[in-house]
Amino acid sequence: MFRALLTSRLQAAFTAAGIQLPEGFSVSVVIASDTRYGDYQSNAAMTLAKQLKTNPRALAQQVADKLDVTDLCSKTSIDGPGFLNFTLSAEALAQRLALITQDDHFGVPQVEQTKRIVIDFSAPNIAKPMHVGHIRSTFIGDSLARVARFVGHDVITDNHIGDWGTQFGMILHGWKTILDHEALDKDPIQELVRVYKAVNAQTKADEAVLTTCRNELVKLQQGDPDNMEIWTRCVALSLEQLRQIYGQLDVHFDHYLGESAYNDKLAPLVEDLLTNGIAEISDGATCVFFRDVPELADKPCLIRKSDGGFLYATTDLATIDHRINDWMADEIWYVVGAPQELHFRQLFQVAKKRGQTTRMQHIAFGSILGQDGKMFKTRSGESVGLLEVLDEAVERAAAVVAEREGLTDLEKTQIAEVIGTGAVKYAELSQHRMTDYKFSWDKMLALQGNTAPYLINAYVRTKSIFRKLDGEVTLTPDLTITEAAERALAIKLAQFAETTHDVLLDFRPNLLASYLYELADTYHSFYEACNVLRSEGAVRNTRLTLCEATSRVLKAGLGLLGIRTTERM
RNA sequence: GCGCCCGUAGCUCAGUGGACUAGAGCAGCGGAUUUCUAAUCCGUAGGUCGCAGGUUCGAUCCCUGCCGGGCGCGCCA
């Protein structure tokens with residue numbers, strides 16, 4: 001990619017100019033923010049001059065004299081207080097373009113060191129419907145998994161479903177007293193939710209019910225056959241429904257290892273921690289204290305309740321063991337909401353105490369808020385169901401597709417599905433993961449402007465051109481980039497490589513989303529300015545190559561966001 | 001009380017690892033098509049980048065304080 005190439009060339013120029021780089025100083029070249037001066041820029045001379053207390057422009061000149069980029073750039077310049085600017089040559093761009101149309105990875109370099117990365121995301125609870133709150137973890141996690149795989153990592157996706165929580169006390173009691181079997185056959189989750197809510201309400205009114213529920217839970221945890229059977233059925237029913245939703249979303253997991261998978265590991269784990277002196281008993285509960293970590297000094301991590309029950313952190317620790325010991329994970333990424341930041345800091349500290357050096361990363365994200373600006377309450381309050389959102393999205397897309405001509409009903413249905421779900425995914429992924437946002441139907445389901453259909457439409461436009469060619473696609477290396485719109489598109493296409501790698505630097509799919517939007521925007525402008533089919537010779541060939549490259553990058557890029565494309569719309 | 005995150009156009013949000021006019025979308029206004037299918041394009045209008053200091057040649061971006069909002073802080077997950 002150009003950024004990496006220019007960076008190493010610039011680095012070499014510093015060395016050739018005999019300039020000693022201070023410890024920790026790295027020469028950086030970035031895509032130009034102001035394209036008036038060039039396509040790439042570096043402020044290395046300015047930042048270095050500051051440290052060395054010399055004149056930045058003079059330093060830049062010294063380096064520029066030694067810079068050898070004639071094979072990449074048609075022009076380099078020193079501007080303003082000492083910016084080094086690079087303008088790519090038409091030849092270099094043309095070469096790059098050809099590569100994008102041929103390379104399996106569209107010119108995106110593979111990582112030098114492949115890592116085995118376990119990504120933990122989505123993690124819905126059994127016996128509860130997925131709601132909009134699951135959108136973020138599911139889509140961000142899925143996208144990061146796709147990007148990590150694409151650049152060469154060995155990724156394991158694991159859905160750590162909540163199949164062993166205290167909610168089962170209520171469900172078990174409800175199952176035995178108020179379950180409607182007919183309703184269960186019809187819509188299992190809906191019936192389980194009804195039961196759960198009903199019992200939950202009972203416990204509020206009657207303490208005795210709460211006690212009964214607790215007893216049911218204890219019996220389950222002790223392996224009571226009846227309760228185990230009910231639990232097994234609940235899990236099976238829920239999983240079936242979950243898989244269906246994931247299928248619709250095109251999200252796939254290598255494993256569905258829920259909390260229950262670690263049940264028999266918890267007691268030995270806690271014993272082990274006590275034996276090693278990592279954990280201690282405090283007020284009857286088993287805790288790990290972090291007295292040497294100031295910010296956690298008064299925030300112990302609880303791993304066993306005074307009644308002997310295990311906790312969230314206990315299961316997570318056992319899960320870490322499994323991922324490290326059995327899966328040989330080099331890294332573990334947790335795509336979980338920001339409110340759980342403290343939990344993960346504690347968890348990682350415990351792992352550290354246990355001598356585990358695997359890199360663990362909490363990829364946090366902000367909350368989806370209701371219209372009142374407060375978090376959707378998953379426990380008591382109402383939230384919007386994920387299925388409901390998807391159905392509505394597909395419906396709205398279908399209304400638009402219905403007016404199109406030349407499409408069969410089946411095609412229309414498929415297009416509406418791709419566009420509807422794509423719109424929902426894009427609405428999430430185009431947003432910075434840390435910002436909270438208010439849930440809005442209109443935003444989530446918009447089909448115009450900066451949305452999935454806008455990007456898919458650009459792809460469709462590339463496809464329709466090749467359809468008109470009717471097989472006559474003979475792209476030759478004979479490229480001449482002359483028009484401004486052609487050049488702008490070529491440069492955008494080349495930046496796919498940088499963007500894809502940047503996504504993983506800070507786990508931000510929205511960088512890719514906004515890149516793809518810009519690419520589509522640039523393509524739409526190119527499309528208006530440069531007619532492809534009516535042009536001739538090398539110009540036509542160049543434009544066709546641009547279309548082909550755009551087509552490939554859009555499809556691949558959207559694919560990395562988990563968004564599918566259609567050939568027509 | 002302590003900690004974390006956020007505060008950018010009417011609305012919803014990007015962005016900036018320091019450059020002259022801070023970007024999109026939606027909503028508003030004005031244009032473009034007997035097309036390579038307009039879910040498009042072009043133009044226009046709209047912001048003292050929460051407030052106050054500090055560092056710097058230069059800060060929306062870094063530092064400090066404050067204000068506003070969200071979330072978290074021992075037996076839920």
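Because only heavy atoms are used, hydrogens play no part in the values below, and waters and symmetry mates are left out as well, while side chains stay in. By convention in this document, chain letters (A, B, ...) are assigned in the order of the sequence lines, proteins followed by strands, and residues within each chain are numbered from 1.
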- Task: Using whole Å, report how far CD1 of Ile419(A) lies from C1' of rU40(B).
- Result: 14 Å

- Task: From the options rA77(B), rC75(B), rA14(B), select the nucleotide whose nearest atom is closest to the side chain of Asn510(A).
- Result: rA14(B)

- For the side chain of Asp283(A), counting heavy atoms from C-beta on, which of rC26(B), rA77(B), rG74(B) is nearest? rG74(B)

- Message: How many whole angstroms separate atom CD of Glu341(A) from atom C1' of rC2(B)?
- Response: 14 Å

- State whether the aromatic ring of Tyr517(A) stacks on the base of rA14(B), taking stacking to mean ring centres under 5.5 Å apart and ring planes under 30° to each other. no

- Item | Length of the CD-C1' vector between Gln340(A) and rG70(B), whole Å | 16 Å

- Message: Can you list, in residue-number order, the parts of residues 424-433 of chain A that come under 4.0 Å of RNA chain B, counting heavy atoms only?
- Response: Gln431(A), His432(A)

- Query: In whole angstroms, how far is the C1' atom of rC4(B) from the CG atom of Asp436(A)?
  - Reply: 12 Å

- Thr435(A) has its side chain closest, among rG74(B), rG70(B), rA14(B), to rA14(B)

- Message: Tell me the interatomic distance from Ile415(A), atom CD1, to rU37(B), atom P, rounded to whole angstroms.
- Response: 14 Å

- Task: Looking only at side-chain atoms of Arg508(A), point me to the closest of rC41(B), rG15(B), rC20(B).
- Result: rG15(B)

- Query: Which nucleotide in the list rG74(B), rA19(B), rU40(B) gets nearest to the side chain of Asn457(A)?
  - Reply: rU40(B)

- Have Arg57(A) and Asn55(A) got a donor and an acceptor in their side chains that come within less than 3.5 Å? no

- Note on the structure: From NZ of Lys128(A) across to P of rA77(B) the rounded distance in Å is 11 Å

- Message: Quiz question: by atom type and distance under 3.5 Å, do the side chains of Tyr426(A) and Gln431(A) form a donor-acceptor pair?
- Response: no

- Note on the structure: In whole angstroms, the gap separating C1' of rG17(B) from CD of Glu498(A) amounts to 16 Å

- Among rG74(B), rA19(B), rG72(B), the one nearest any side-chain atom of Gln41(A) is rA19(B)

- Query: Taking N and O atoms by type only, does the side chain of Ser28(A) place a donor or acceptor under 3.5 Å from a partner on the base of rG17(B)?
  - Reply: no

- Item | Distance, rounded to the nearest Å, where Leu516(A) contributes CG and rG25(B) contributes P | 16 Å

- rU37(B) OP1/OP2 closer than 4.0 Å to side-chain N/O of Lys468(A): yes

- Task: Tell me which nucleotide among rC5(B), rC73(B), rC13(B) gets nearest to the side chain of Met434(A).
- Result: rC5(B)

- Under 4.0 Å between a side-chain N/O of Lys305(A) and OP1 or OP2 of rC76(B), yes or no? yes

- Task: Select one nucleotide: of rA77(B), rG72(B), rU35(B), the one nearest the side-chain heavy atoms of Arg534(A).
- Result: rU35(B)

- Query: Would a 4.5 Å heavy-atom cut-off, applied to side chains only, mark Val401(A) and Met569(A) as touching?
  - Reply: no

Within the sub-3.5 Å range, which N or O atoms of nucleotides 49-51 of chain B have a protein N or O partner, and how far apart are they?
none

- Item | Residues Tyr437(A) and Glu428(A): side-chain donor-acceptor under 3.5 angstrom | yes

- Message: In the structure I gave you, are the side-chain heavy atoms of Phe348(A) and Tyr334(A) within less than 4.5 Å of one another anywhere?
- Response: yes

- Task: Return yes if a side-chain donor-acceptor contact under 3.5 Å exists between Ser260(A) and Asp163(A), otherwise no.
- Result: yes

- Ser440(A)-Asp442(A) side chain donor-acceptor pair, cut-off 3.5 Å: no

- Query: Stacking between Phe83(A) and the base of rA19(B) (centre distance under 5.5 Å, interplanar angle under 30°)?
  - Reply: yes

- Phosphate-side-chain proximity, Tyr454(A) and rC41(B), N/O vs OP1/OP2 below 4.0 Å: yes

- Between rA38(B), rC20(B), rU35(B), which one does the side chain of Tyr37(A) approach most closely? rC20(B)

- Message: In whole Å, measure the gap between the P atoms of rC42(B) and rA38(B) for me.
- Response: 14 Å

- Spacing of the C1' atoms in rA9(B) and rU48(B) (rounded, Å): 13 Å

- Query: Nearest of rG15(B), rA77(B), rU37(B) to any side-chain atom of Arg568(A)?
  - Reply: rU37(B)

